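Everything numeric here is computed off the predicted structure, so don't read it as measured data.
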Amino acid sequence: QVQLVESGGGLVQPGGSLRLSCAASGFTFSNTVMSWYRQAPGKGREFVASITTTGGNTNYKDSLKSRFTISRDGSKNTVYLQMNSLKPEDTAVYYCKTWTGYWGQGTQVTVSS
């Protein structure tokens, strides 16, 4: 069955960096567009970034494109989200998602001093 396991979240100070990982199994990763979403406390889930099957094209929420980078490694069936210059408003649970609608369980990111 499809499994998406996120990791790499945690507590970081403002201005810091984190790299999230999403390990995928149970489907043909190389054929699947992958995305990251996030959900802040008391808010709805929002799109963060997506990446095409080959990694040749990426798309970002406009306000995040200067600080976040999505990438993928087909040899590891893993998609990443590099987050730099983190702000308190980036605090959220971050989820990876397949184009076909499967979600991971999420990883908590907390940006606080």
Fill in: Heavy-atom side-chain contact between Q108 and T91 under 4.5 Å
yes
Item to complete: Can you measure from CD (Q3) to SG (C22) and round to the nearest 0.5 angstrom?
Response: 11.0 Å
Discussion item. Are D90 and R38 packed together at the side-chain level, in the sense that at least one heavy-atom pair is separated by less than 4.5 angstrom?
Written reply: yes
Fill in: CA sep, side-chain torsions, deciding dist, call: V109, M83, side-chain contact (heavy atoms from CB on, under 4.5 Å)
CA-CA 10 Å; V109 171; M83 306 186 295; 3.9 Å; yes
Worksheet item: Under the 3.5 angstrom rule, does the side chain of R72 hit a backbone N or O of G55 as a donor-acceptor pair?
Response: no
Practice prompt. Check the pair N31, T53 against side-chain hydrogen bond (donor to acceptor under 3.5 Å, both in side chains), reporting the backbone distance first and the verdict last.
Written response: CA-CA 6 Å; N31 290 350; T53 56; over 6 Å; no
Worksheet item: Under a 4.5 Å side-chain heavy-atom rule over Ile, Leu, Val, Met, Phe, Trp and Tyr, are V48 and Y95 clustered together?
Response: no
Discussion item. Looking only at the side chains, is there a donor atom on one of T100 and T98 sitting less than 3.5 Å from an acceptor on the other?
Written reply: yes
Worksheet item: Has Y102 got more than 12 heavy atoms of other residues, nucleotides or ligands less than 6.0 Å from its OH?
Response: no
Practice prompt. May I ask you to decide if Q105's main-chain N or O and E6's side chain share a donor-acceptor pair within less than 3.5 Å?
Written response: yes
Discussion item. With a 6.0 Å cut-off on the ring centroids, do W103 and Y37 count as close?
Written reply: yes
Worksheet item: Do S17 and V12 come within less than 4.5 Å of each other through their side chains, counting heavy atoms only?
Response: no
Worksheet item: Do N84 and T69 have side-chain heavy atoms sitting under 4.5 Å apart?
Response: no
Item to complete: Go through the steps for F29 and M34 under the test side-chain contact (heavy atoms from CB on, under 4.5 Å), then give the verdict.
Response: CA-CA 9 Å; F29 181 77; M34 298 295 297; 3.9 Å; yes
Discussion item. Could you work out, with side chain to side chain contact (heavy atoms under 4.5 Å, CB included) as the rule, every residue matching A23, not counting sequence neighbours?
Written reply: T78
Worksheet item: Mind checking whether V33 and Y94 sit in one hydrophobic cluster, side chains of I, L, V, M, F, W, Y counted as touching below 4.5 Å?
Response: no
Worksheet item: With a cut-off of under 6.0 Å to the ring centre and 45° to the axis, is R19 in cation-pi contact with Y80?
Response: yes
Worksheet item: Is there a side-chain contact between T107 and S7, using heavy atoms and a 4.5 Å cut-off?
Response: no
Worksheet item: Is I51 reachable from L4 through a run of I, L, V, M, F, W or Y residues, each pair having side-chain heavy atoms under 4.5 Å apart?
Response: yes
